[in-house]
Amino acid sequence: MFDSLKKKLQNIRTKFASNIEDAAGAEPEPQVAELPEGAETEEPVSTPAARPEAEAAEEPVHEGRESPTFFEKVKVLVREREVLLQEKDVEEPLFELEMVLLENDVALPVTDEIIARMRRDLVGRRRKIGASVDDLVVSTLRSALCGVLGEGLDLSRYIREHERPVKILFTGVNGTGKTTTVAKVGQYLQKNGFTVVIGAGDTFRAGAIEQIRTHADRLGIKTIQHQAGADPSAVLFDAVQYAKAHDIDVVLADTAGRFHNRANLMNQLEKIRRVMKPDLVVYVDEAVAGNDAVIRADEFNKAVGTDAVVLTKADMDPKGGAAISVAHTVGKPIIFLGTGQGYDDIMPFQPRAVVNELLGDEA
Ligand SMILES: Nc1nc2c(ncn2[C@@H]2O[C@H](COP(=O)(O)OP(=O)(O)O)[C@@H](O)[C@H]2O)c(=O)[nH]1
Ligand SMILES: [Mg+2]
């Protein structure tokens, strides 16, 4: 997943690290008190008199005590390197990072935000660089990416904390994976101990009712359906009634694909909302659509409202730009990534885990 972006970010890291290392090398070495010969073990490491004036003033004074404590020794021995970075030290890698993000479909305002966060964190501030410059680069990049990804949404927790049945309406354009996602989420919720009913709310496309019914039957999930061409509001109303009568935890509502600029279908969606009163409206789009997915998600949100986003086909998307951009652009969390055609191919979206994956880090 997101392999192209991952590889490019690795190169950028190296670039930042070498620039920062150069900048650190150009700075005067931090002054460390000289050790008396053979002082590594028992002997006192330094005396206040042996230190530079300014530093000695910051140190606690140990009147009448000959040996510094163990911690005082360590503090002197492993004093961290520090660097004060200037714009010129990071200008070039920041520009390259900007290009990499844009090439990988990260939306322009989101790219700008990431670059601004990196610059704010790096330039003009005295930073400790410890043993590895790369650690500094990774932690800065991690916090910039996490900053734009925002918080995720833990669906199981949401359901536990809300009145049952929790009603979830899936919307979006054609062919992005809504129906498959409804089935995957159904299985995911069952595995997490919840009971589920599915409303076959796509009464518009030929074969749509049979498609969701087949998935649901395989997963042992009850489907509420009407005839093809029936009013989807009525189907989904019935699904909610069924859940209430049978103490079902969650109603998952499949719907027909629609574009935000088609008034009649959007009015239909508005009616579904009024009748079904969903707790969560989930917008589904495909990660492979890149910036188009981000723009559509935003337009859908403005037209009918969105509470969370699912991005499908992340398995086919080497770029990852939509995944990085959509939450920040729409201002709503990504809830799941679809990662294949099987029912298990769904991943709860945890921003920190995704960033770790992008940075090639397990930590
Ligand atoms: N590779 C991949 N294919 C997916 C994923 N989700 C859905 N699909 C496929 O996308 C196609 C359209 O899915 P469907 O659920 O019918 O889309 P809908 O029109 O939005 O309901 C189907 O062939 C699915 O198997 C995914 O996460 N990864
Ligand atoms: Mg469908």
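Since the model is a prediction, treat every value here as computed from it, not as a measurement. Just the heavy atoms: all of them, side chains too, but no hydrogens, waters or symmetry mates, feed the values below. Every number for a ligand or one of its atoms is a count from 1 in the order of the listing.
- When heavy-atom distances to ligand 1 are checked against a 4.0 Å cut-off, Glu286 has no atom that comes that close, whether in backbone or side chain.
- At a cut-off of 2.8 Å, Gln211 is not counted among the residues with an N, O or S atom near the Mg ion (ligand 2).
- In terms of protein heavy atoms, atom 14 (P) of ligand 1 is closest to Thr180 OG1, 3.4 Å.
- Considering each of Lys184, Lys178, Arg205, the one bringing a non-hydrogen atom nearest atom 6 (N) of ligand 1 is Lys184.
- Inclusion of Gly340 in the set of residues having an N or O under 3.5 Å from an N or O of ligand 1 is warranted.
- Scanning all protein heavy atoms for the shortest distance to atom 16 (O) of ligand 1 gives Gln211 NE2, 3.0 Å.
- Using a 4.0 Å cut-off between charged nitrogen and carboxylate oxygen, Lys7 and Asp3 do not count as a salt-bridge pair.
- Using a 4.0 Å cut-off between a side-chain N of Lys or Arg and a carboxylate O of Asp or Glu, Asp121 and Arg125 qualify as a salt bridge.
- Here the protein heavy atom with the shortest distance to atom 3 (N) of ligand 1 is Gln341 CG, 3.3 Å.
- Scanning the protein heavy atoms around atom 17 (O) of ligand 1, the nearest turns out to be Gly177 N, 2.9 Å.
- Aromatic rings from Tyr283 and Phe300 are positioned such that their centres are separated by under 6.0 Å.
- Taking the charged nitrogens against the carboxylate oxygens, Glu87 and Arg119 do have a contact shorter than 4.0 Å, which makes a salt bridge.
- Atoms of ligand 1 found under 4.0 Å from any heavy atom of Gly338 (numbered from 1 in listed order, with element): 27 (O).
- Atoms of ligand 1 lying under 4.0 Å from any heavy atom of Thr339, numbered from 1 in the order shown and given with element: 27 (O).
- Which of Leu311, Asp254, Asp315 comes nearest to atom 1 (N) of ligand 1 through a heavy atom is settled by distance: it is Asp315.
- Nearest protein neighbour of atom 19 (O) of ligand 1, counting heavy atoms only, is Gly175 N, 2.8 Å.
- Evaluated for a salt bridge (Lys or Arg N to Asp or Glu O under 4.0 Å) with Glu96, the options Lys15, Lys8, Arg13 yield exactly one hit, Lys15.
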* To do: Let me see the working for Asp254 and Thr179 under side chain to side chain donor-acceptor pair (under 3.5 Å), right down to the final yes or no.
  => CA-CA 6 Å; Asp254 191 21; Thr179 303; 2.9 Å; yes

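- Looking at ligand 1, you'll find an N or O of Lys313 within less than 3.5 Å of one of its N or O atoms.
- A salt bridge is defined here as a Lys NZ or Arg NE, NH1 or NH2 lying under 4.0 Å from an Asp or Glu carboxylate O, and Asp344 with Lys184 fails to meet this definition.
- With contacts defined as side-chain heavy-atom distances shorter than 4.5 Å, the pair Leu358/Leu5 qualifies.
- Residue-to-ligand polar distances keep Ala314 apart from ligand 1: every N/O pair is separated by 3.5 Å or more.
- Look at Gly257 and you'll find every heavy atom at least 4.0 Å from all atoms of ligand 1.
- Centroid-to-centroid, the aromatic rings of Tyr343 and Tyr188 stay 6.0 Å apart or farther.
- Classification of Arg213 and Asp217 as a salt-bridged pair holds, one side-chain N sitting under 4.0 Å from a carboxylate O.
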